[in-house]
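Structure first, commentary second.
Heavy-atom basis, side chains included; hydrogens, waters and symmetry copies ignored. Throughout, a chain's letter reflects where its sequence line sits, starting with A, and its residues are numbered from 1.
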Amino acid sequence: MTTSTETTPIEKPKRNYNILFGLTLLALLVLLWIALSLATPSFASGINIANLLRQGSMIAILAVGQTFVIITGGIDLSVGAIVGFCTVIVAMLINAGFPVWLAVLATLALGVAIGLFHGFGIVKMGLPPFIITLATLTSLRGIGLLMTNGNSISIKNDAFSEFSRNSFLGVPNLFWMVILVAIPAYIFLHHSRWGRYLFSVGSNAEASRLSGVNVNRTIYLAYTLSALCAAFVGVLLASRIGIGNPTQAEGWELQAIASSVIGGTSLFGAIGSVHGPLLGAFILATINNGANLLNVNSFWQRIITGALIIVIVYFDGLRRRGK
Amino acid sequence: MTTSTETTPIEKPKRNYNILFGLTLLALLVLLWIALSLATPSFASGINIANLLRQGSMIAILAVGQTFVIITGGIDLSVGAIVGFCTVIVAMLINAGFPVWLAVLATLALGVAIGLFHGFGIVKMGLPPFIITLATLTSLRGIGLLMTNGNSISIKNDAFSEFSRNSFLGVPNLFWMVILVAIPAYIFLHHSRWGRYLFSVGSNAEASRLSGVNVNRTIYLAYTLSALCAAFVGVLLASRIGIGNPTQAEGWELQAIASSVIGGTSLFGAIGSVHGPLLGAFILATINNGANLLNVNSFWQRIITGALIIVIVYFDGLRRRGK
Amino acid sequence: MILSTLDGHDHPAPDAAVPGQPILELKGLEKKYIGTHALKPVDLAFKVGEIHAIVGENGAGKSTLIKLLTGVIPRTSGEVFWDGKPVALATPNEAIALGINAVHQEVVLCRHLTVAANMFLGEEDTRFGMLQGRTMVQRAQKIIDDLGFNLPAHVMLGDLTIGQQQLIAAARATIRGTRFLIFDEPTAYLTRKETEQLFALIRRLEAEGVTIVYISHRMEEVFELASRVSVLRDGTLVGTRNIAETDDAELVRMMINRSIEQIYHKDHFEPGETIVGAKNLSGKGFEDVSLSVRAGEIVGLYGLIGAGRSEFVLTLYGREKKSAGEIFWNGKPANIRNEHDAMKLGMALAPESRRDQGLCLNLSVGTNLNLPIYKRISSKLLISGAQEKSHAERQIGGLRIKTAGRHALASSLSGGNQQKIVIGKWLNHGAKLFIFDEPTVGVDVGTKAEIYRLFSTLLSKGAGIILISSYLPEVYELADTLHVFRRGRLVASHAHGQASHEEVLTEAIGV
Amino acid sequence: ADVTIPIIVKDTTSFYWQIVLAGARKAGKDLGVKVPELGAQAETDVNGQISILENAVAGNPAAIVISPTEAKALGKPIDEAASKVKIIGIDSGADSKAFTSFLTTDNVQGGRVAADGLAAAIGEANGGKVEGKVALITALPGAGSLEQRAEGFKEQLKAKYPGLELVADKYADGQATTGLNIATDLITANPDLKGIFASNLIMAQGVGQAIAENNLAGKVSLIGFDSDDKLIKFLNDGVISGLVVQDPYRMGYDGIKTALAASKGEKVEANVDTGANLVTKANMADEKINALLNPKLD
Ligand SMILES: Nc1ncnc2c1ncn2[C@@H]1O[C@H](COP(=O)(O)OP(=O)(O)OP(=O)(O)O)[C@@H](O)[C@H]1O
Ligand SMILES: Nc1ncnc2c1ncn2[C@@H]1O[C@H](COP(=O)(O)OP(=O)(O)OP(=O)(O)O)[C@@H](O)[C@H]1O
Ligand SMILES: [Mg+2]
Ligand SMILES: [Mg+2]
């Protein structure tokens, strides 16, 4: 009876695991890229890579914001509407003669206000996130349409429109914006205490509360960040298409959520990262870009997208369970 | 062995509570109706009531199916796409000369197959419900478009188209269909053991499994019922618009979910009823109908819808917490 | 009364298996999790009609064994024989069909269903396919009443306290025509009175020839009930003893491979200043409670389930609103609006329900341990990785939390080890007043002794402690002042050792 | 005003239909008629439009002006409505003989005009050679008028411009950004692409942006449909070679006017074609065209 504690093989630490998981989605993305490079010569061209980066950028930023909310166990259906609405606001402000930086700042501030309103609805009014953000979605589109009367507002500032077209060091500005969002988001989520609080609230709000976490403030924070990301995307979209139009970005909320979930975020909260949603968004963008280059019939394209989503998430799940 | 454990103050049984809750949403609906009758003479006219019943019917049926899924803690984003797809299938079958009853049965069977596929994805492939149903949403629209080449199929059977326009005993047939779905659904959810299992799986899947509940079968069941309801709505929609068109019913999934949540269903599962979603759907229909009659600008209509959703769910929440 | 007929179901009565013959035999049963060898090959036979206790340290593999026997998890290797025939035990249904049932360690029931619905889950009464809701409530009520649990059958399970839920779980397991019933720490959340009721129930089952497996960290329960006892250590079966041929000391030695001379370790300190005082405090679940805690003393709160102790401390801690009365901190009236205020003053609360209030189960052990102190271990913006690591590892080492590492998920720990996290996070934080609500639920003897020693350390540093426990020996031995709660009121107070167990119990029940 | 004539458009959120509504509003003011402005939330929302039509009939108006989203689907409901009130159709047809009057732009004809415009632009850019690859981008599947434009465009290409090869026939999801992305990818995949027809306003904006983004003005010719500030600017900058422009304002105005006359029992013309015109940089200053490009909204 002297058997001492046998050392059990120590489980892989969770963090490494997460990075590995990220890596393997990355592997999938790279695989897609290799396959497409072989299938069509134009895929690997510099110009197409730039296009691809541009095409995935906006959903990627939305997905990062959305992920903060999903980690707390919530959902933000309003991001598409915020994007559309903010294209209108920034377009109007610029056309009214405000300097671009001021117009952008004001638009971002509006995003913060919308996010705070969501937090208020959830925390103070006790509304389910699904409902309050759905209501904002509906109302914001209405307000935007009312302001523009269904018209698009043509932005009369070429420098502003140029921004999204240009590159810096050979990388499209839009992709720089992803980096600009992703790095602070990564530090915030994985290396700051507020990031920890997002996870803990999503895992068990009551336990967090009893451990001194300000649960309400954490929820405000998550929705504000999501809306802020959306407002930022609104500015980028206005720059890219050169108009303010409240009906734009319809359905982007679902794309953002899908990117996030493909990237490993759990809709039950407490599981998620920053790199996951980014990879998710660029996987979706690659599928569309590839299908366009291969001139796949638009209808087939939808079918393939659906099937690929299933396959990707399935294999990803297999790998995670297998570990 | 005499008294020992002190009796806790006995709370009202949950069932009564549920019915009361239903009643009060009903009160809200009635209030809306009274207000609208006073505001516009045409609201209370027989023809308008018939219109209103018709307009709310399809979302109501979808919402009931969706509620089964939400009670298990899942979500079904595909219902709108199934509706659109099934309009195509039933139209093609009828035009191919199949008798209407057979065409309808075949379409419903297809709905069941789609639901089983969802169950398979969730249970066997371990996919999150959000992902598998989002993938089906995308793919089904693609398949439908491919089958119709983007065109609408005109249904060459007047009897079939007439059905949704006609009434029986002064009540529109479409509303009869709601009753046809709601009564078995009510019995199923609240008075059968399978209904009970939906709740238990949503509340604690592990506990249910340990009690010998077949959790997998319950999940298959929920998604099958939801898809079946959607296929049925597809048949009704085909009858109402007289065409098969795969792009119809876009966004109806969100309307169905919203109706369900307004009706008191919890997106975290284990809480829900049949009458709740029905009331939710008709409240939304009334808001739209009233706004049309009052000639509210369609942009304002969106803003008001959003605001009313917040107000209704807020007061409903207040009342429930107050109890 | 024959329990298996109590619910009117026609379950096969335990056939006339000969008492003393093996009914369930394990040969080389083994379970490996990724990274953890939870159960090393075990050979063990359970005899018909015996009460077989299983003891062992936290994480020794007791619950794992139970989960294997009830088809909850698949085994890695080995064989199980039921009545001499090999069985797969691949699903819970298979176990239930054989007549193997369990009351699991964590209450696994559905909070959103009624008590009655939970009791009959999976075996509903139906007529023409329709649920007989009212009949089931009546039957459930009758069963509950017969067992002497005074609980309503029609309320939502989630509205009951955990202790009450545990009783329901026990009641539920007994009505399933069972031949083999496993209790995994059933008394953890029960008071002495309820424990007696449960024991009566277990003896009745034994008399009917049901084989009982009983897991507990409380030695006196093992000696009171069991006929044989098996000891697990680190997933290995160390030995099986007839209860008559062993004693406390031997079992403890087998369990932890060393001996402890004394479990209830208590140093006396000269009480200092009053830290916290409640004056005529009322709130949800309790009324007009006045008491105070001084530096260097342990104030114990004893009472039956639902006596209002938890609600009282939650109100002190700012989680619930007080309806009347006042709270004093360091002699001055304190306005505590929320938990954060309480923490800032210097309070720490380890809540009673680790699942609902204590732990973020799907986060890592390290994150859970550091949750209250992230502010302290962050520079302006960033968390100090080194401090995060050192604080987590100090508690893992100090409390001997059995885990694959600080990155392992809290949910992968055994019940007792989870409980250690709930306590450990407040040790990291440090405070003037520690409130421990049922701190040793599910904790093994060795660790219990360490936790009590830890109390002394806290006291020696000038802290005060409020200790709530439904386990009378614990509060009785440790508390400098013992307050007894009954129906939300503080009915009696005693200094250490002043009143006997019986007196305290009588006051708590109020006969 | 006691007389009410609702107008039901396909999609209130699009600028084109807002111009129709503006025309109707003006007519209402001029003629002393109350004109509720109704419409579906999206051009594909057939069921929504049927509901709106039902609601409008319930209000007992003098007549109804409607632009059916879907010819077949709206046939029966319009027949039924026509049994209670006079129905005037605008813009697009329906499978119903119950229209008292019908003011239409022939969308198939619009598609043909676009093909002609594209051919002319490609010819001009390539020294008279009308040949090369062209693409068609449709905003979203399932919208009747867009299908008709596509039909006319493809028909005309086949019939008159054998040198133009349609290499891609793409559907977007109604979003300008998607149009932009598709156009960018098409240009990447077909570096020798000569022309694109973007068959509605929002697609023309997206595709125009793609051409501007890649500095392909003059290399890839673009024909759009309908107009607004942004597209006119593109036209001026040479990014867009031509726009097919209808007369939505007149459709709205004359729709109400005709409906009022019909409701009074006056005889009205059964079919009116309001025309589709190709606007290029060359003719955009013409008075008639200018009026189309800049309708007087209030
Ligand atoms: N799902 C799991 N994944 C990985 N390891 C696990 C899992 N469940 C349990 N373990 C590990 O298996 C070992 C045995 O756990 P078990 O729950 O059987 O202990 P126990 O004897 O019941 O302890 P306690 O007295 O604390 O309840 C522990 O080291 C635990 O961490
Ligand atoms: N969620 C709830 N809903 C209704 N009543 C509750 C709820 N939680 C607790 N109560 C009631 O409040 C009173 C005080 O409960 P409390 O948990 O404070 O008692 P306790 O002395 O700590 O007992 P325990 O040993 O069960 O923890 C009891 O009557 C209990 O039933
Ligand atoms: Mg255990
Ligand atoms: Mg308690």
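For the residue pair D:Q205 and A:N245, no side-chain donor N or O sits within less than 3.5 Å of a side-chain acceptor on the partner.
Neither the backbone nor the side chain of A:A285 comes within contact range of chain D; no heavy atom of the residue lies under 4.5 Å from a heavy atom of that chain. At a 4.5 Å heavy-atom cutoff, the contact between D:S14 and chain A is made by backbone atoms alone. A:L237 touches chain D through its side chain: at least one heavy atom from C-beta onward sits under 4.5 Å away, while N, CA, C and O do not. The part of A:S45 that comes within reach of chain D is its side chain, from C-beta onward, which places non-hydrogen atoms under 4.5 angstrom from that chain. Contact of D:P191 with chain A is not made at all, since no heavy-atom distance falls under 4.5 Å. Residue A:I241 touches chain D through both its backbone and its side chain, counting heavy-atom pairs closer than 4.5 Å. A:I47 touches chain D through its side chain: at least one heavy atom from C-beta onward sits under 4.5 Å away, while N, CA, C and O do not. Contacts of D:N181 with chain A are made by both backbone and side-chain atoms, with heavy-atom separations under 4.5 Å. No part of A:F43 comes within reach of chain D, as not one of its non-hydrogen atoms sits under 4.5 angstrom from that chain. Within the 4.5 angstrom heavy-atom criterion, atoms from both the backbone and the side chain of D:A212 approach chain A.
In this structure, D:N190 CG and A:L293 CG are separated by 9.0 Å, a value rounded to the nearest 0.5 Å. The distance from the NZ atom of D:K233 to the CD1 atom of A:I155 is 10.5 Å, given to the nearest 0.5 Å. Here the CD-CG distance, from D:Q41 to A:L145, works out to 8.5 Å after rounding to the nearest 0.5 Å.
Considering only heavy-atom pairs separated by less than 4.5 Å from chain A, the leading option among D:D229, D:T138, D:L180 is D:L180. If you tally non-hydrogen atom pairs under 4.5 Å between each of D:I187, D:L231, D:T177, D:T184 and chain A, the highest count goes to D:T177. Options D:L186, D:N214, D:I202, D:T12 differ in how many heavy-atom pairs under 4.5 Å they form with chain A, and the most are formed by D:I202. For the set A:E162, A:Q301, A:E250, A:R141, the entry with the most heavy-atom pairs within less than 4.5 Å of chain D is A:E250.
For the residue pair D:D169 and A:S298, the shortest heavy atom distance occurs at O-OG, 4.1 Å. Considering every non-hydrogen atom in both D:A189 and A:S42, the closest pair reads CA-OG, 3.9 Å.
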* To do: Dump the intermediate steps for side-chain contact (heavy atoms from CB on, under 4.5 Å) on D:K170 and A:N292, then the final yes or no.
  => CA-CA 9 Å; D:K170 291 286 200 181; A:N292 283 337; 3.5 Å; yes
* **Trace of the salt bridge (charged side-chain N to carboxylate O under 4.0 Å, His left out) decision for D:D173 with A:R302** => CA-CA 11 Å; D:D173 60 359; A:R302 293 176 191 234; over 6 Å; no
